[in-house]
There are 2 protein chains.
Amino acid sequence: MTDKISERIPSAERREQILEAASRVFGERGYFGATTDQIAKAAGISQPYVVRMFGGKENLFVGVLTRSLDRLLVAFTETIAQWKADGSPAATDPGYPIGKNPKHGEIGRRLGLAYVNLIEDRGLLLSLMQAFSMGQDPSIGAKARGGFLTIYRLLREEAGFDPEEARGFLAEGMLLNTLLGLRLTDDYGKDDAATELIECTFRTKLQLVLEVQGDEGERA
Amino acid sequence: MTDKISERIPSAERREQILEAASRVFGERGYFGATTDQIAKAAGISQPYVVRMFGGKENLFVGVLTRSLDRLLVAFTETIAQWKADGSPAATDPGYPIGKNPKHGEIGRRLGLAYVNLIEDRGLLLSLMQAFSMGQDPSIGAKARGGFLTIYRLLREEAGFDPEEARGFLAEGMLLNTLLGLRLTDDYGKDDAATELIECTFRTKLQLVLEVQGDEGERA
DNA sequence: GTCTATATATAGATAGAC
DNA sequence: GTCTATCTATATATAGAC
């Protein structure tokens with residue numbers, strides 16, 4: 001049972017394990033509150049190894065943030081590519097009831113679903129939320145602003161949103177962050193206001209997850 | 001120059017000073033990352049006194065959160081009362097269809113302005129954002145969820161929003177939090193995407209701050 | 001109401017063995 | 001690639017003086 005010495009694995013793989021663990025711990029305790037020792041324990045390795053591999057705590061957090069933003073960008077990029085491959089804009093769109101612009105209602109729903117699937121990873125969600133409150137930190141703030149603006153440009157230039165639509169999409173996303181960060185979903189069915197807000201938010205954003213997932217199933 | 005011993009002041013006043021200082025420090029460093037010593041220095045008193053007055057760090061954070069939520073609730077309550085006193089449709093006709101009525105956009109703008117004025121206090125903004133990412137903490141999470149739902153009920157029952165309007169208002173608020181937390185406003189005029197997003201967000205939310213402030217001036 | 005002194009615990013980082 | 005041992009700094013909280 002003496003699993004004191006971890007299996008020897010390639011550094012790239014270990015690096016990913018550490019980032020995954022760090023994402024959870026930074027999310028739960030914040031950048032300053034998280035300790036490299038907690039991260040090391042979560043990753044199943046020694047504390048000095050974490051420090052050695054990333055050179056320090058700040059570099060590690062930037063690594064976590066970069067990984068989260070990359071995953072978000074990849075998910076959105078792939079979603080848009082699939083949407084275009086499916087006959088993109090108004091083509092095969094059967095005219096959905098939501099939004100003034102049915103042409104963009106479809107991609108909005110697809111991106112919304114992709115986003116919710118991503119932030120079900122609470123580590124990713126919370127480390128993003130932490131970064132959003134750290135604009136004052138030179139390196140972390142710059143990285144977070146850059147990532148946020150990259151997503152905005154993707155919405156504008158690739159998904160075809162106008163400024164108003166892009167802003168609305170981002171606002172809905174920030175509300176989703178808050179409801180999940182707060183764990184307000186725990187009050188679903190217990191509190192009338194919580195139940196109404198959750199149903200309204202998830203229905204509007206996803207137009208029922210199952211419906212969209214059903215569409216994906218039909219394509220397969 | 002030996003200002004080692006602070007002036008002797010009433011505990012209620014000192015308590016408020018500590019909460020104000022704690023709001024800033026908790027906001028910048030997070031709950032776990034903030035230290036009672038940093039808070040004490042920011043308040044100009046000794047660290048043990050901070051601990052003694054609040055009984056501990058967790059109580060202190062709950063105090064900060066309670067104060068922030070109270071300020072928000074008071075600001076919104078007063079804004080709604082003023083709106084009704086100014087002769088809103090809802091005030092004169094209980095059965096007034098608030099839905100998509102243009103006159104109803106008025107209370108949204110007023111509440112939005114009140115909100116932006118509040119979160120210009122970065123300590124308040126960031127401590128709220130921290131709380132929104134702490135749903136997993138038993139006492140802090142419960143307090144934060146309760147406060148968020150209280151605001152939701154106020155929008156629904158007092159401001160006359162329907163579920164969709166309330167959700168949209170909250171979403172816009174969460175986007176404002178993010179843009180300010182990120183300090184994305186620092187990129188205004190420097191980055192095209194940032195400039196567009198900021199102009200779109202603040203124009204939509206406030207319908208030009210000056211316009212509303214002008215209305216207030218006319219009443220005076 | 002406010003402090004100094006301090007006990008006890010834990011932080012991030014470095015050195016060097018295997 | 002991974003560890004143990006350890007240095008130095010700093011954390012929260014308590015005791016007790018003024």
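Lettering of chains follows the sequences in order, A, B, ..., and the numbering in each one begins at 1. These numbers come from a predicted model, not from an experiment.
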> With a 4.0 Å cut-off on heavy atoms, is Ala34(A) in touch with a base, just the backbone sugar-phosphate, or nothing at all?
Replying inline: sugar-phosphate
> Under 4.0 angstrom, heavy atoms only, what part of the nucleic acid is Glu7(A) near: base, sugar-phosphate, or nothing?
Replying inline: sugar-phosphate
Would you kindly give the [atom1]-to-[atom2] distance between [X] and [N], to the nearest whole Å?
| X | N | atom1 | atom2 | result |
| --- | --- | --- | --- | --- |
| Phe32(B) | dG12(C) | CZ | P | 14 Å |
| Phe26(B) | dT12(D) | CZ | C1' | 12 Å |
| Lys57(A) | dA13(C) | NZ | P | 8 Å |
| Met53(B) | dT14(D) | CE | C1' | 17 Å |
| Phe54(B) | dG1(C) | CZ | P | 12 Å |
| Tyr31(A) | dA11(C) | OH | P | 15 Å |
| Ile45(A) | dG1(D) | CD1 | C1' | 10 Å |
| Asp37(B) | dT10(D) | CG | P | 10 Å |

>> Can you see whether Glu196(A) engages Tyr152(B) through a side-chain donor-acceptor pair at a distance of less than 3.5 angstrom?
In response: yes
Taking only side-chain N and O atoms of [X], does any of them lie within less than 4.0 angstrom of OP1 or OP2 on [N]?
| X | N | value |
| --- | --- | --- |
| Ser6(A) | dT2(D) | no |
| Arg14(A) | dT2(D) | yes |
| Ser46(A) | dT2(D) | no |

> Which heavy-atom pair separates Gln38(A) from Gly33(A) by the least distance, and what is that distance?
Replying inline: OE1-O, 4.0 Å
> Between Phe32(A) and Lys57(A), which heavy-atom pair has the shortest distance, and what is it?
Replying inline: O-NZ, 3.1 Å
>> Donor-acceptor pair, distance only, cut-off 3.5 Å: does the side chain of Asn59(A) make one with the backbone of Phe54(A)?
In response: yes
> Does CG belonging to Asp192(B) count more than 12 external heavy atoms closer than 6.0 Å?
Replying inline: no
Report the nucleotide, chosen from [options], that has the shortest atom-to-atom distance to any side-chain atom of [X].
| X | options | result |
| --- | --- | --- |
| Tyr49(A) | dA11(D), dA13(C), dC3(D) | dC3(D) |
| Gln47(A) | dC3(C), dT12(D), dG12(C) | dG12(C) |
| Pro48(A) | dG12(C), dT4(D), dT14(D) | dT4(D) |

>> Quick check on DNA chain D: between Arg52(B) and Gly55(B), whose nearest nucleotide comes earlier from the 5' end?
In response: Gly55(B)
